[in-house]
Amino acid sequence: MFALVDCNNFYVSCERAFQPRLEGKPVVVLSNNDGCIVSRSAEAKALGIRMGTPYFQARPVLDQHQGYAFSSNYALYGDMSRRVMGYLAEVAPEVEVYSVDEAFLNLTGMEQWQGDLEAYGRRIQAGIRQYVHLPTCVGIASTKTLAKLANHVVKKSTAHHGVLCLDSPEQCRWALEQVAAADVWGIGRQQAARLQAHGITTAAELAEVSEAWARRHLGGVVGARLVRELQGQACLELTPSDDALPQRHSIAHTRSFGTPLTAYQPLLGAVAAFATRAAEKLRRQNSAVNILTVFLSKNRHGSAPAPHTTSATLNLPAATSDTAELIRYARTALKRIWQPGSAYKKAGVVFAGLETAGAQQLNLFEASGQTAQRVRLMAELDRLNAHYGAGTVGFATALPGKGENWSGKKDLRTPAYTTCFKELWCIHMDGGFL
DNA sequence: TCTGGGGTCCTAGGACCC
DNA sequence: TCTGGGGTCCTAGGACCC
């Protein structure tokens, strides 16, 4: 049996954990650059505010109902997530951290709870509520896809108080009937439309199609697997997340600008800064990169015709994780695509073709590859920035020039209560200060 | 005025090989 | 008039996820 533990309205709930006055109020959290709405409280959802809505569009209705909006505070959400996952690791035999706010648990062999896994789910829910102060829902079933589905059912209903265990065929059948095919894990917009065209609208109907049909109409093996999972036959294994950070196969840092950039120099600064951030992520997972892409995007929503994005990809002569080297390559790529007079709204640096650092295939014709000295320099850079704060030491190219500002808006950010000494949670009592 | 960011997996089709 | 039959590898792009 698998469980899916999912924090409700995660970003909003993190903000509420430190600001109880937000309980019962419409609350939203915004994406980078205060652009879109990416998390909504139940009250905000009830106002008809949809996921991904531009903030400026939702703002009137939010203001009208005395709602609150916050810039995203990733330091806070990341730390709250670590606390949740830490708790789960203590109470479950195997945990797969699936995203910042959800995790799969493998419940195989939990004899002491057999017959009452729902009680186990409730214990987890209460534990997270007590220790991390976050609301969760727990879905339990024989496959990951059904656990997801159970979780979806409890999120929508008040009857189950956030925990549902599908431990009989009747329970499964009932749950499948509650869920639209479009809401099944792995069914996106395209597939949902295709299903609809074939008269399949509920998860129960989807669970009844033949394997051949699924292969043909739902994207080959993925579709066949999905249907089997709905039928209760586990095809997806749990991949336990150990203490090590997950190994990414690609690493990117991309951002929209507060105001569009046209001139080369500030764009170079931004791209260098993005390459710096991506290189830090790269070294954190002990990888080196072979393929580097830089892209620039113009305003997607303006009148200009597509394409809005141009990119350049370089195959590096040897894998590296050296920030200085990567900034040089990023500059080369940028020069290829930058066009004078264009106003760019967004840029990004993407690393692909990752391999373990130190195991690089050396280039036969060039004496390249990182020297031990450069590796030590990068390690020291990371150490200083970890100890004294991000951006303490860096490369001049990656600094904004005089009067330049490429960072996005973040006007409504709350303090990093749990990860920054300067922003620690303060409690005021009787006008005094604790 | 204002519209996010970072991933994964799979498939189709082209290039190339014998 | 007519134009083989398998393979492998790589890449671009689609679809999906949170």
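Labels below follow one simple rule: chain letters A, B, ... track the order of the sequence lines, proteins then strands, and each chain is numbered from 1. Owing to the predicted nature of the structure, the values given are computational and were not obtained by experimental measurement.
Counting any heavy atom pair closer than 4.0 Å across all strands shown, A:Phe10 reaches no nucleic acid atom.
OP1 or OP2 of C:dC17 has not a single side-chain nitrogen or oxygen of A:Lys144 nearer than 4.0 Å. When the side-chain nitrogen and oxygen atoms of A:Ser256 are compared with OP1 and OP2 of B:dG5, one or more of them lie within a distance under 4.0 Å. Taking only side-chain nitrogens and oxygens, A:Lys345 comes nearer than 4.0 Å to OP1 or OP2 of B:dT3. A close approach under 4.0 Å does occur between a side-chain nitrogen or oxygen of A:Lys346 and OP1 or OP2 of B:dG5.
Comment: A:Glu423 engages A:Arg413 in a salt bridge, judged by a side-chain N to carboxylate O separation of less than 4.0 angstrom. Salt-bridge annotation for A:Arg173 and A:Glu208: present, with a side-chain N of the basic residue lying under 4.0 Å from a carboxylate O of the acidic one.
With the 3.5 Å cutoff on both pairing distances, Watson-Crick and G-U pairs in DNA chain B assemble into runs of at least 3 at B:5-18 with C:5-18.
Less than 4.0 Å separates DNA chain C from at least one heavy atom of each of the following residues of residues 183-216 of chain A: A:Val184, A:Trp185, A:Gly186, A:Ile187, A:Gly188, A:Arg189, A:Gln190, A:Gln191.
Listed for the A:Ser250 side chain is no donor-acceptor partner under 3.5 Å among the backbone atoms of A:Phe351.
If you check B:dT3, C:dC18, B:dG5 against the side chain of A:Asp101, the one that comes closest is C:dC18.
Counting to the nearest Å, the P atom of B:dG4 and the CD atom of A:Gln57 are 11 Å from each other. Rounded to whole Å, atom C1' of B:dT1 lies 13 Å from atom CG of A:Asp411. Protein atom CG of A:Asn33 is 7 Å distant from nucleotide atom P of B:dG5, rounded to whole Å. Following rounding to the nearest Å, A:His308 (NE2) and B:dG4 (C1') show an atom-to-atom distance of 17 Å. Taking atom CG of A:Leu236 as the reference point, atom P of C:dC17 lies 13 Å away to the nearest angstrom. Between A:Ile37 atom CD1 and B:dG5 atom C1' the separation is 17 Å, expressed in whole Å. The OH-C1' distance, from A:Tyr77 to B:dG5, rounds to 14 Å in whole Å.
In the model, A:Ser13 has no side-chain atom that pairs as donor or acceptor with a side-chain atom of A:Asn8 under 3.5 Å. Counting only N and O atoms by type, the side chains of A:Gln19 and A:Thr414 include no donor and acceptor under 3.5 Å apart. Checking A:Asn106 against A:Thr108 by side-chain atom types alone, a donor-acceptor pair falls below 3.5 Å. Counted by atom type alone, A:Ser41 and A:Asn9 present zero donor-acceptor pairs between their side chains at under 3.5 Å. Side-chain polar atoms of A:Asn290 and A:Glu355 form a donor-acceptor pair below 3.5 angstrom. In this structure, a donor-acceptor pair under 3.5 Å is absent between the side chains of A:Thr143 and A:Arg228.
A:Leu195 is not listed as a side-chain neighbour of A:Thr201, based on a closest heavy-atom distance of 4.5 Å or more. Taking the side chain as every heavy atom from C-beta outward, A:Tyr74 and A:Val100 never approach each other to under 4.5 Å.
Taking atom C1' on both nucleotides, B:dG4 is separated from C:dC17 by 15 Å, rounded to a whole Å.
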* To do: Encode nucleotides 6-16 of chain B as B, S and - characters from 5' to 3', where the letter depends on protein heavy atoms closer than 4.0 Å: B to the base, S only to sugar-phosphate, - to neither.
  => SSSSSS-----

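If you look at A:Tyr77 and A:Tyr11, their ring centroids are closer than 6.0 Å.
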